[in-house]
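Take a look at the structure set out below.
This structure is a prediction, so every number in the text was calculated from the model and none was measured. Values below: all heavy atoms of this structure, side chains included; hydrogens, waters and symmetry mates excluded.
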Amino acid sequence: MEKLPTNQEILLLPDSHFFQRDWCERENGNNSKKLSQKETLINLCWNGMLKEMIPEIYQTGTGKKALTLWEVNGSGNLLDLRYGDFNQDMNDEWSLNPYIFLMFAEMS
């Protein structure tokens, strides 16, 4: 039996109260410029901190390996994170992102 690739899409609201906390990164660089809340959250996601911030969204059981973050899309007020076994195009017709969903709804 062929194993189907696993994809996961996570939507985050960077302006929510939860993400307004001060988060500590693993590696403190000498970034003298102040980043916006959205840019800070994007950096935290790319640095692998989302698993520590929201461990409930990661389902790793026996025999399951962690998915890799391949893409971060900032659309409107959302961050659309795309995880998968390997870098493949996700089928946007089934996206959770309301901006993408509405775009496909207008086309039909």
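- Glu71 contributes atom CD, which lies 13.0 Å from atom SG of Cys45 (distance to the nearest 0.5 angstrom).
- Minimum interatomic distance between Trp70 and Asp85 (heavy atoms only, all atoms of both residues): NE1-C, 4.2 Å.
- For the atom pair CD (Gln20) and CG (Leu41), the distance works out to 11.5 Å, reported to the nearest 0.5 Å.
- Remark: Thr68 OG1 to Tyr83 OH distance equals 9.5 Å, nearest 0.5 Å.
- Atom NZ in Lys34 sits 10.5 Å away from atom CD in Glu39 (nearest 0.5 Å).
- Across Leu11, Ile42, Leu13, a single residue satisfies side-chain contact (heavy atoms from CB on, under 4.5 Å) together with Leu79, and that is Ile42.
- With contacts defined as side-chain heavy-atom distances shorter than 4.5 Å, the pair Glu9/Leu81 does not qualify.
- Gln8 contributes a side-chain N or O that, together with a main-chain N or O of Ile57, makes up a donor-acceptor pair within less than 3.5 Å.
- Each of Ile54, Asn77, Val72, Leu78 was evaluated against Leu12; a single residue qualifies, Ile54, per the side-chain contact (heavy atoms from CB on, under 4.5 Å) test.
- Two residues are said to be in side-chain contact when any heavy atoms from C-beta on lie closer than 4.5 Å; Asn73 and Arg82 meet this criterion.
- Of the possible polar contacts, none joining the Glu52 side chain to the Met49 backbone as a donor-acceptor pair under 3.5 Å is found.
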